[in-house]
Amino acid sequence: MIKKETYGEFVRFAVVGTTSATINYVIYWILQHWVNVNIAYTVGYVISFFANYYMTAHFTFKEKASAKNGIGFGGAHFVNYCLHIVLLNFFLWIGFSRELAPLGVLAIAVPTNFLMVRFVFKHFKRKDDDHRI
């Protein structure tokens, strides 16, 4: 059974993720008409990353932004970015349109990213709490 706290985090994560994904997709959609899809996707991802970090820290997990969780968040998102690019190219390769391929990416990458980012925020919070004894 899912704890109430975890459920609330997931719902808030979904709101933040939807907002970030929308930023990423809109930028990608505009740029993919003029530049390579990987470049367009990367620019959208980087811009949405900054909004995502702020919203994730303050809204999703109700934590302060810090160097520790910022580095962990960045690391999780580097792994997530690699997953996104591999999946984007895979979906394009199997025949998804340039407009729909990012939606397939999000269907797989968002749940994976939630687990990674939740680990970062919970792991560093526990370590900080342990040092306050």
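Predicted, not measured: the structure shown is a model, and the values here were computed from it. Atom set for the values below is all heavy atoms of this structure, side chains included, hydrogens, waters and symmetry mates excluded.
A76 meets the side chain to side chain contact (heavy atoms under 4.5 Å, CB included) test with M116, V117, V120; sequence neighbours excluded. Scored by the side chain to side chain contact (heavy atoms under 4.5 Å, CB included) test, V11 finds Y7 as partners (sequence neighbours excluded). Scored by the side chain to side chain donor-acceptor pair (under 3.5 Å) test, T56 finds N52 as partners (sequence neighbours excluded). Checked against side chain to side chain contact (heavy atoms under 4.5 Å, CB included), L115 has no partners two or more places apart in sequence or in another chain. Take S48 and apply the side chain to side chain donor-acceptor pair (under 3.5 Å) test, not counting sequence neighbours, and it matches no residue. Residues satisfying the side chain to side chain contact (heavy atoms under 4.5 Å, CB included) test with F49, not counting sequence neighbours, are F73, H77. Evaluation of the side chain to side chain donor-acceptor pair (under 3.5 Å) rule for Y25 yields no partner, not counting sequence neighbours. Residues forming a side chain to side chain donor-acceptor pair (under 3.5 Å) with R98 (at least two apart in sequence, or on another chain): Q32. Checked against ring pair (Phe, Tyr, Trp, His ring centres under 6.0 Å), F50 has no partners two or more places apart in sequence or in another chain.
Hydrophobic clustering (side-chain heavy atoms under 4.5 Å, transitive across Ile, Leu, Val, Met, Phe, Trp, Tyr) keeps I47 apart from Y54. With hydrophobic clusters built from ILVMFWY side chains whose heavy atoms lie under 4.5 angstrom apart, L83 shares a cluster with F90.
Taken to the nearest 0.5 Å, the CG atom of L106 stands 10.5 Å off from the OG atom of S20.
When all heavy atoms of A51 and I23 are compared, the closest pair comes out as CB-CD1, 4.2 Å. Scanning both residues, F91 and I108, for their nearest heavy atoms gives CZ-CD1, 3.9 Å. Looking at every heavy atom in both residues, I27 comes nearest to G44 through CG2-CA, 3.6 Å. For the pair A101 and L88, the tightest heavy-atom approach, listed with the atom from each and the gap, is CB-CD1, 3.8 Å. Across all non-hydrogen atoms, the minimal contact from E99 to H33 is OE2-CE1, 4.4 Å.
Of the options N24, V86, V110, L87, a side chain to side chain contact (heavy atoms under 4.5 Å, CB included) to V105 is made by L87 and by none of the others.
When only modelled atom types and interatomic distance are considered, T42 and Y28 share no side-chain donor-acceptor pair under 3.5 Å.
Residues in residues 82-97 take part in these side chain to side chain donor-acceptor pair (under 3.5 Å) pairs, two or more places apart or across chains: N38-N89, Y41-H84, N80-H84.
Cluster partners of M55, using a side-chain heavy-atom cutoff of under 4.5 Å among ILVMFWY residues and allowing indirect links, are V15, V16, F59.
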